[in-house]
Amino acid sequence: MFFASSSPCQRVYSDLFPGIDLWVKRDDLLHSQVSGNKFRKLKYPLMALQGKHPHLVSMGGLWSNHIHALAHAAAILGYASTALIRAADGMDSAMLEDCRRLGMQIRYVSRESYRQLRDEPDSWRQCLPKVSPQHVWLPEGGGSPAALHGVAELVAEVSTSIGSCPDVFMLACGTGATMAGVLAGAERKSQVIGVAAFNNADYLHNDIKNLLQQAGYPEYDNYRLLTDFHHGGYAKISSVLMSFCKNFVSQTGIPLEPVYTGKMLFALHTLCMQAYFPERTRVVAIHTGGLQGNRGFPYSSSLMPVMNT
């Protein structure tokens, strides 16, 4: 069944992370097409629409993992879907080609209109030629309050896999919904460290607080948000980051994308080298999937493990 899925925890032994007991929650294996935190964020919003024949509408960029996952989920469930893409008319990507093949309608919006979609969520109605009661809006990145319930389930899965709640959860941050969901699931049993994938991300503190409140959870303060590991900004990749990611893939056999999970693991590596954690701290790093985005970069093959034949 589409909505019933879980992923393994993989123990990692690597000199990149000295002093800690490291596990990786392999949410890149959560679903064959709708992987990572996007599956978890979409789970409950889409379950609530069963039997209603909705037309899903959302927003994203040319390589959006959220839009890619939404197109697959809509096709599996038999829902119509439309994506508002921040790009000039005619711009394309392998991600958008996938979405079209799955039946998703693509509509381009300007950067100015895209900013308006962020500031005024109801403005999506102005981007469609006709809006009906079947049209259902899902926010950028799938970061709705209902998304937190699906993400929170990850914590119980981890506890079952490794025998207890870890000392630390480590994860990448985009909208803040994944971090808020893990905080909700952990209920102060673990410290949660988020790594912002873009610059000027301090506003996420307020977004995390608001998402928790809107989803019916208490406010949590057992987290730390790291904002200095963006490597130049969203989707910006430094040579140091690329070298680290290649080394990690070579040592562990775990595929990476450097926009989110790669930056998170690089931050974890840096903290370990600084002896930030007490000896033998049990850390679960969450692999949030999004490997399809590697197709937008020339180095994609170097971030996938070599398969023995």
Side-chain angles (χ1 to χ4, degrees), residues 1-5 7 27-43 45-47 49-110 113-114 117 124 127-132 134-144 147 150 174-175 234-235 255-261 287-301 303-304 307:
M1 182 179 175
F2 173 70
F3 294 116
S5 189
S7 66
D27 266 11
D28 57 309
L29 302 176
L30 194 58
H31 187 275
S32 59
Q33 300 295 337
V34 193
S35 72
N37 61 342
K38 304 310 177 187
F39 176 95
R40 296 188 184 276
K41 289 181 182 180
L42 289 170
K43 179 178 178 179
L46 295 185
M47 282 180 67
L49 297 172
Q50 289 185 96
K52 297 182 180 180
H53 308 291
H55 185 137
L56 308 175
V57 185
S58 195
M59 60 191 282
L62 285 168
W63 291 98
S64 168
N65 294 323
H66 165 64
I67 294 298
H68 192 258
L70 184 64
H72 278 284
I76 291 167
L77 296 169
Y79 297 164
S81 61
T82 295
L84 306 180
I85 300 297
R86 183 188 60 221
D89 285 352
M91 293 184 70
D92 208 359
S93 68
M95 188 280 292
L96 288 185
E97 291 173 6
D98 287 347
C99 294
R100 290 192 186 95
R101 282 197 298 270
L102 292 162
M104 175 177 269
Q105 298 175 29
I106 304 299
R107 302 188 68 85
Y108 295 97
V109 297
S110 67
S113 295
Y114 199 87
L117 287 170
W124 65 269
C127 299
L128 301 181
K130 184 178 180 181
V131 177
S132 75
Q134 274 65 51
H135 284 88
V136 176
W137 173 250
L138 296 170
E140 184 179 27
S144 66
T175 64
Y234 180 70
L256 276 187
E257 52 73 37
V259 176
Y260 291 101
T261 303
H287 193 316
T288 48
L291 296 173
Q292 68 86 23
N294 278 343
R295 297 175 296 172
F297 298 95
Y299 51 68
S300 58
S301 62
L303 298 184
M304 301 298 288
M307 304 301 292

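Residues: numbered from 1 along the sequence shown.
Two residues are said to be in side-chain contact when any heavy atoms from C-beta on lie closer than 4.5 Å; L96 and Y108 meet this criterion. Between N37 and N65, every side-chain heavy-atom pair lies at or beyond the 4.5 Å cut-off. R100 is listed as a side-chain neighbour of D92, based on a closest heavy-atom distance under 4.5 Å. Under the 4.5 Å side-chain criterion, counting only non-hydrogen atoms from C-beta, R40 is in contact with L30. Counting heavy atoms from C-beta outward, M104 and I67 have side chains that approach closer than 4.5 Å.
Between the OG atom of S7 and the CG atom of D27 there is a distance of 3.5 Å, given to the nearest 0.5 Å. With rounding to the nearest 0.5 Å, the separation of CD in Q105 from NE2 in H55 is 4.5 Å. Rounding to the nearest 0.5 Å gives a distance of 9.0 Å between CG of L117 and CD of E140. Taking CG of L70 as the reference point, atom CG of L77 lies at 10.0 Å (rounded to 0.5 Å). If you take CZ on R295 and CG on D98, they are separated by 4.5 Å, rounding to the nearest 0.5 Å.
In this structure, the side chain of H287 engages the main chain of P255 through a donor-acceptor pair within 3.5 Å. The backbone N or O of L256 sits less than 3.5 Å from a side-chain atom of N294, completing a donor-acceptor pair. For the pair S58 (side chain) and L138 (backbone), a donor-acceptor distance under 3.5 Å is present. A donor-acceptor contact shorter than 3.5 Å links the side chain of S93 to the backbone of L62. The backbone N or O of K52 lies less than 3.5 Å from no partner atom in the side chain of Q134, so there is not a single donor-acceptor pair. Here the side chain of K38 pairs no donor or acceptor atom with the backbone of G142 at under 3.5 angstrom. Of the possible donor and acceptor atoms, none in the side chain of E97 sits under 3.5 Å from a partner among the backbone N and O of R101.
Closest non-hydrogen pair, V57 versus W137, comes out as O-CE3, 3.3 Å. Annotation for F39 and V34: closest pair CB-O, 2.9 Å, computed over non-hydrogen atoms. The shortest heavy-atom contact between C99 and H68 is SG-CA, 4.1 Å. In this structure, L56 and A74 approach most closely via the heavy-atom pair CD1-CB, 4.1 Å. Scanning all heavy atoms of the two residues, the minimum distance from C127 to R107 falls at O-NE, 3.0 Å. Taking each heavy atom of Y79 and G51 in turn, the nearest pair found is OH-N, 4.4 Å.
The aromatic rings of H135 and W124 sit tilted relative to each other, their planes meeting at an angle between 30° and 60°.
When only modelled atom types and interatomic distance are considered, Y260 and Y234 share a side-chain donor-acceptor pair under 3.5 Å. Defined by atom type and a distance below 3.5 Å, a donor-acceptor pair is missing between the side-chain atoms of D28 and S35.
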Apply side chain to side chain contact (heavy atoms under 4.5 Å, CB included) to the pair Q33 and L102, showing each step before the final yes or no. CA-CA 12 Å; Q33 300 295 337; L102 292 162; over 6 Å; no

